[in-house]
Participant: 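Attaching a single structure in structure tokens format; questions to follow.
Starting from 1, each residue takes its place in the sequence as its number.
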Amino acid sequence: MSEIKIFVTHTPGREDICIRQPLFYPVMAGSDLQEAPLPEGMLRDNTGDHISGKNRSYCELTTQYWAWKNMEADYYGFCHYRRYFSFAEEILPETGGGCLLYPYLDAKTKKKLGMDEQQIRRKIQAYDVLAAKGIPVQALYARNVYEHYKHAPELNIADLDLFLKLIAKKYPQLRRVAEAYMKGRIFYPCNMFLMKKELFQEYSGMLFRLLQAFERRCDMRLYSREGYRTIGHLGERFFGIYYEYLRQKGGYRLGELQMAMIAHTKAAECRKPDVQEIPVVLAADDAYVPVLFTCLKSLALHVNPDRTYHIYIFHTDIRQAQMQVFREELEGGPVRLDFVDVGARVAGYRLKAREHISAETFYRFLILDIFKECQKVIYLDADLIVRRDIAALYDLDVEGYLLAAAVDPDFSGQCNGANPDTRHYCDEVLKLKNPCQYVQAGVLVLNVRALREKLRVPELFRMAESGHYRYSDQDILNIVCEGHIRQMDMAWNVLTDSTNNRMEIIRRAPAAVLEAYEQARKEPYIIHYAGRRKPWQDPGGDFAQEFWKVARQTPYYERLLAGLAVREEKETFSQKASGVLRDTAKQVLPQGSRIRRVAGGLYWRMK
């Protein structure tokens, strides 16, 4: 029987073993840099002949080097602690990024991926080389492999040019293959492969000779953290070159396997969540971090220690330093936290919200794909304060519904006479049968499985791109879910009087809606600062004291105060400037003239 060893590379700080079964060997890459003790069963890459200390530049290749020099096997394989191969016989449905996505590596997922020892053996022994499935570079927004590297943030195309010259010099037989691969449209990612011993020895010898030559010629001392990983990125490109070389040479059994991404890789998370786990999704950008943290702090103050609250932050630009603050301050006990970069999923879409609403509002649509294995998920806007355990919200029965949400009393009042234009918009654009039952989307319980049966994320994004909708994704959800929405207690989403006239509008709502809102205000479970004026902009606003009560307990309190001071200074200047404009216009611009009307419009915008 062939000896097969599949090495699972772990990054320093990621010492939980997610998979424990025959043929898989967890390895701590960069063990020289790891201070924490390793769990039983995890191997180190700093024994024998090794380059463990170079992990920050060689990345997962320190595992490959160590295995090449110190481990004996008939077949060598390499994957990551959160990326695995699918050994399934059938092709499984992929995400837009060309890989499979599962929240947990539980028994059900392993069965889908064909991760049975005998099945893995049959698949591997039928080939000389199995690569992680190539990704069309078009899906990565590039014309070819070379351009993909050229436009990668923090990488230097001169490094790839140098590497290609070294290939041509040291391995002339690969020169034309390398040139063709760089012009090609298929990219082999992640340094993941399974390879027969003889070929593995040849490939590793070539790879590390080239990388060491590159290391001697390239000065990376001033590179950024990602730039310093250049050697790992070059190794990734060389695998594609070598794989294409074998293909052109002929006589080898070559194949490709789908790659599966596992969202949760901590030991406790590798199991499917039990009924006690509550998934909660929010979305924000880096500039909104102080407000987001305050929201999550309020949530954490009201958790049940017997439940687990798994919080996911959808974003595209939140910095690692900020993430670390969140983890240090909020994680622990029943609260878990994950930041999910959705940049690749929304790239190519023109997601532009209107007025004060940010583009991040559309990210909630992605829940349908990212959490497709979950029955239901809570979604929360970040501009709110939680005052009750949201486990009660999660426990709402949404069977037979697409989602649960609270009626929007503001919109209801507008449609019931306070704003005829809104009623016209609702009738002509939204075409809702009952406009006064329109729901507010800042607090949702989503029946993910039911939604997935009815909707697809690309369809929702295409609606978002149309630009037809005043209230962005909220309008879209009301359209597509009408008639299948469970109305939740309005106390779970109490809108504040952020415009100083919202109360007057709500008084025009149907009596039942008004009474529900008035009752909810007496003891709100969630206070939602929806609208233009927020408590971090107007500390004297409706329910603002509840926000600041929590904000004082956060590490962002001073930053929020500084932002408030800057805003007040800008507003004082704006008021003075608008006064000068008004007085000057009255004196010099003719009454009733077009230029006077333009100046008047500018004045009121400044107000």
Participant: Would you call K5 and E72 a salt bridge, taking side-chain N to carboxylate O under 4.0 Å as the test?
Facilitator: no

Participant: Could you go step by step and tell me if I124 and L23 meet the side-chain contact (heavy atoms from CB on, under 4.5 Å) rule?
Facilitator: CA-CA 11 Å; I124 291 175; L23 307 183; 5.6 Å; no

Participant: Check the pair N70, Y65 against side-chain hydrogen bond (donor to acceptor under 3.5 Å, both in side chains), reporting the backbone distance first and the verdict last.
Facilitator: CA-CA 9 Å; N70 300 284; Y65 184 94; over 6 Å; no

Participant: Count the heavy atoms of every other residue, nucleotide or ligand shown that sit under 6.0 Å from NZ of K165, and state whether that count exceeds 12.
Facilitator: no

Participant: I'd like to check K133 versus M259 (side-chain heavy atoms, cut-off strictly below 4.5 Å). Are they in contact?
Facilitator: no

Participant: Where do R175 and K169 land on the side-chain contact (heavy atoms from CB on, under 4.5 Å) test, with the steps shown first?
Facilitator: CA-CA 8 Å; R175 181 177 62 82; K169 179 180 179 180; over 6 Å; no

Participant: Taking the six-membered ring of F87, is the NZ or CZ of K123 close enough (under 6.0 Å from the centre) and on axis enough (within 45°)?
Facilitator: no

Participant: Can you name the closest pair of heavy atoms from V291 and D383 and give their distance?
Facilitator: CG1-CA, 4.3 Å

Participant: What are the two closest non-hydrogen atoms of K372 and V448, and how far apart are they?
Facilitator: CA-CG1, 4.2 Å

Participant: Ion pair present between D74 and K197, side-chain N to carboxylate O less than 4.0 angstrom?
Facilitator: no

Participant: Taking NZ, NE, NH1 and NH2 as the nitrogens, is one of them in K183 or E179 under 4.0 Å from a carboxylate oxygen of the other?
Facilitator: no

Participant: Side-chain contact test, heavy atoms from C-beta onward, threshold under 4.5 Å: evaluate it for R217 versus L166 and give yes or no.
Facilitator: yes

Participant: Do H310 and V280 make a side-chain contact, defined as non-hydrogen atoms from C-beta onward lying under 4.5 Å apart?
Facilitator: no

Participant: Start with the C-alpha gap between D106 and K108, add the side-chain angles, then the distance that decides, and say whether salt bridge (Lys or Arg N to Asp or Glu O under 4.0 Å) holds.
Facilitator: CA-CA 5 Å; D106 53 20; K108 181 179 177 181; over 6 Å; no

Participant: Would you please indicate yes or no on a ring centroid separation below 6.0 angstrom for F193 and F239?
Facilitator: yes

Participant: Could you go through the salt bridge (Lys or Arg N to Asp or Glu O under 4.0 Å) check for D381 and R364 one step at a time?
Facilitator: CA-CA 9 Å; D381 278 350; R364 74 190 79 190; 3.2 Å; yes

Participant: So, are K111 and D116 salt-bridged, with charged N and O less than 4.0 Å apart?
Facilitator: no

Participant: Please examine the side chains of L61 and L207, heavy atoms only from C-beta on, and report whether any two atoms are closer than 4.5 Å.
Facilitator: yes

Participant: Please check if any side-chain donor atom of Q322 sits under 3.5 Å from a side-chain acceptor atom of Y556, or the reverse.
Facilitator: yes

Participant: Looking only at the side chains, is there a donor atom on one of E94 and Q258 sitting less than 3.5 Å from an acceptor on the other?
Facilitator: yes

Participant: Is there side-chain contact between L155 and H233, with at least one heavy-atom pair below 4.5 Å?
Facilitator: yes

Participant: Walk me through it: do I378 and L380 pass the test side-chain contact (heavy atoms from CB on, under 4.5 Å)?
Facilitator: CA-CA 7 Å; I378 290 177; L380 300 176; 3.9 Å; yes

Participant: Using a distance-only test with no angle check, is there a side-chain donor-acceptor pair under 3.5 angstrom linking S52 and W66?
Facilitator: no

Participant: So does S2 get a backbone contact from the side chain of R121, meaning a donor-acceptor N/O pair under 3.5 Å?
Facilitator: yes

Participant: Apply side-chain contact (heavy atoms from CB on, under 4.5 Å) to L113 and F85, showing your working.
Facilitator: CA-CA 7 Å; L113 297 177; F85 296 106; over 6 Å; no

Participant: More than 12 heavy atoms of other residues, nucleotides or ligands under 6.0 Å from CZ of R185: yes or no?
Facilitator: no

Participant: Going by ring-ring contact (aromatic ring centres under 6.0 Å, His included), Y312 matches just one of F339, Y363, F371, F326. Which one?
Facilitator: F371

Participant: Just by distance, no angles: are the side chains of E236 and N191 close enough, under 3.5 Å, to form a donor-acceptor pair?
Facilitator: no

Participant: Run through T230, V137, N144 and flag the one making a side chain to side chain contact (heavy atoms under 4.5 Å, CB included) with Y149.
Facilitator: T230

Participant: Name all residues meeting the salt bridge (charged side-chain N to carboxylate O under 4.0 Å, His left out) criterion together with R559; count only those two or more places apart in sequence or in a different chain, and write none if there are none.
Facilitator: none

Participant: Where is the tightest heavy-atom contact between Y181 and I186, given as atom of each residue plus distance?
Facilitator: CE1-O, 3.4 Å

Participant: Restricting to salt bridge (charged side-chain N to carboxylate O under 4.0 Å, His left out), what partner residues turn up for R122, sequence neighbours left out?
Facilitator: none

Participant: Under the 6.0 Å and 45° cation-pi test, does R209 pair with Y171?
Facilitator: yes

Participant: Does a side-chain heavy-atom distance below 4.5 Å link V177 with R247?
Facilitator: no

Participant: Could you tell me whether Q212 atom CD has more than 12 heavy atoms of other residues or ligands within 6.0 Å of it?
Facilitator: yes

Participant: Within a radius of less than 6.0 Å around CZ of R143, do more than 12 heavy atoms belonging to other residues, nucleotides or ligands occur?
Facilitator: no

Participant: For a side-chain hydrogen bond (donor to acceptor under 3.5 Å, both in side chains) check, start with the C-alpha distance between Q324 and E328, then their side-chain angles and the critical distance, and finish with the verdict.
Facilitator: CA-CA 6 Å; Q324 189 61 29; E328 290 175 357; 3.1 Å; yes

Participant: Run the numbers on D369 and R452 for salt bridge (Lys or Arg N to Asp or Glu O under 4.0 Å), then give the verdict.
Facilitator: CA-CA 8 Å; D369 280 352; R452 281 182 57 80; 3.2 Å; yes

Participant: Nearest heavy-atom pair of C79 and I6: which atoms, and what distance?
Facilitator: SG-CG2, 3.9 Å

Participant: With a sphere of 6.0 Å drawn around CZ of R176, does it hold more than 12 non-hydrogen atoms of other residues, nucleotides or ligands?
Facilitator: no

Participant: Do I370 and F314 come within less than 4.5 Å of each other through their side chains, counting heavy atoms only?
Facilitator: yes

Participant: Mind checking whether Y252 and Y245 have side chains closer than 4.5 Å, heavy atoms only?
Facilitator: no

Participant: Do E329 and K297 pass the salt bridge (Lys or Arg N to Asp or Glu O under 4.0 Å) test, and can you show the C-alpha distance, the side-chain angles, and the key distance before you say yes or no?
Facilitator: CA-CA 9 Å; E329 297 285 336; K297 179 66 175 180; 5.8 Å; no

Participant: Would you say the ring centroid of Y76 lies under 6.0 angstrom from that of W68?
Facilitator: no

Participant: Check whether the ring centres of H148 and F187 lie less than 6.0 Å apart, and answer yes or no.
Facilitator: yes

Participant: Looking at T294, is its backbone amide N or carbonyl O close enough to the side chain of T554 to form a donor-acceptor pair, meaning the two atoms are under 3.5 Å apart?
Facilitator: no

Participant: Any side-chain donor-acceptor pair under 3.5 Å between Y188 and E244?
Facilitator: no

Participant: Taking the basic N atoms (NZ, or NE/NH1/NH2) and the acidic carboxylate oxygens, is any pair closer than 4.0 Å for R225 and E154?
Facilitator: no

Participant: D45 and T63: side-chain donor and acceptor closer than 3.5 Å?
Facilitator: no

Participant: Return the minimal non-hydrogen interatomic distance between C18 and H10, and the atom names on each side.
Facilitator: N-CE1, 4.4 Å

Participant: Is it the case that Y75 and D128 place a side-chain donor and acceptor less than 3.5 Å from each other?
Facilitator: no

